[in-house]
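The structure under discussion appears below in the form of structure tokens.
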Amino acid sequence: MDRVCMPEDGFVWRKYGQKFIRNIRKNRSYFKCQKKSCGARKRVEWCNSDPQNLRVIYDGSHSHPPPISSKTSDDDHQNPSSSIANQYNLLTQVLRGLNDTTTT
DNA sequence: CGGCTTTGACCAGCGC
DNA sequence: GCGCTGGTCAAAGCCG
């Protein structure tokens, strides 16, 4: 199985399905937030020839802080509770905007 | 042993 | 009514 790279965004997702969408001629993976109290969902689709062009689509919102247990930067001496969550929120919005390729 | 991942099959809605 | 697609669930295997 050609497992592409895992788009880690600071949250932990659990893949619960993967299918090839012919409508767009691309692969689509379905991810769900591990948190039970979190109904956040994420969809990832990439070209069958360009697994590097990942398209992430976020659905719903998280109700818990991002378990960022990776990379111990030296500037994260703050309290990653809502600030980071807010940043992530913006990120999702940006990704949503990338939904269209009509750029430039 | 537990947790996580992967794959197949089923269901529902739509078009013809 | 039939076929097709899209979306989700369930089971099993692997690793530490």
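Below, chain A is the first sequence line, B the second, and so on; all start at residue 1.
- Residues satisfying the salt bridge (Lys or Arg N to Asp or Glu O under 4.0 Å) test with A:R41, not counting sequence neighbours, are none.
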Between N or O atoms, less than 3.5 Å apart, protein on one side and nucleotides 11-16 of chain B on the other: list the pairs.
none

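- Distance check: A:R25 CZ to A:C47 SG gives 10.0 Å after rounding to the nearest 0.5 Å.
- By the side-chain contact (heavy atoms from CB on, under 4.5 Å) test, A:K19 is found to be paired with no residue, residues two or more places apart in sequence or in another chain being considered.
- We find the CZ-OG distance between A:R43 and A:S29 to be 11.5 Å, quoted to the nearest 0.5 Å.
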Measure all distances between protein nitrogen or oxygen atoms and nitrogen or oxygen atoms of nucleotides 6-13 of chain C, and list the pairs falling under 3.5 Å.
unit_1: C:dG6; atom_1: OP1; unit_2: A:N23; atom_2: N; d: 3.2
unit_1: C:dG6; atom_1: OP1; unit_2: A:N23; atom_2: ND2; d: 3.3
unit_1: C:dG6; atom_1: OP2; unit_2: A:R22; atom_2: N; d: 3.4
unit_1: C:dG6; atom_1: N7; unit_2: A:K19; atom_2: NZ; d: 3.4
unit_1: C:dG7; atom_1: OP2; unit_2: A:R28; atom_2: NH2; d: 3.3
unit_1: C:dG7; atom_1: OP2; unit_2: A:Y30; atom_2: OH; d: 2.3
unit_1: C:dG7; atom_1: N7; unit_2: A:K19; atom_2: NZ; d: 3.4
unit_1: C:dG7; atom_1: O6; unit_2: A:K19; atom_2: NZ; d: 2.3
unit_1: C:dT8; atom_1: OP1; unit_2: A:Y16; atom_2: OH; d: 3.0
unit_1: C:dT8; atom_1: OP2; unit_2: A:Y16; atom_2: OH; d: 2.4
unit_1: C:dC9; atom_1: OP1; unit_2: A:K32; atom_2: NZ; d: 3.4
unit_1: C:dC9; atom_1: OP2; unit_2: A:K32; atom_2: NZ; d: 2.9
unit_1: C:dC9; atom_1: N4; unit_2: A:Y16; atom_2: O; d: 3.0

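- Residues meeting the side-chain contact (heavy atoms from CB on, under 4.5 Å) test with A:R22, sequence neighbours left out: A:F20.
- Residues forming a side-chain contact (heavy atoms from CB on, under 4.5 Å) with A:I21 (at least two apart in sequence, or on another chain): A:N23, A:I24, A:R28, A:Y30.
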- Begin with the C-alpha distance, continue with both residues' side-chain angles, and end with the deciding distance and a verdict on side chain to side chain contact (heavy atoms under 4.5 Å, CB included) for A:K42 and A:I57. CA-CA 6 Å; A:K42 177 170 69 163; A:I57 301 150; over 6 Å; no
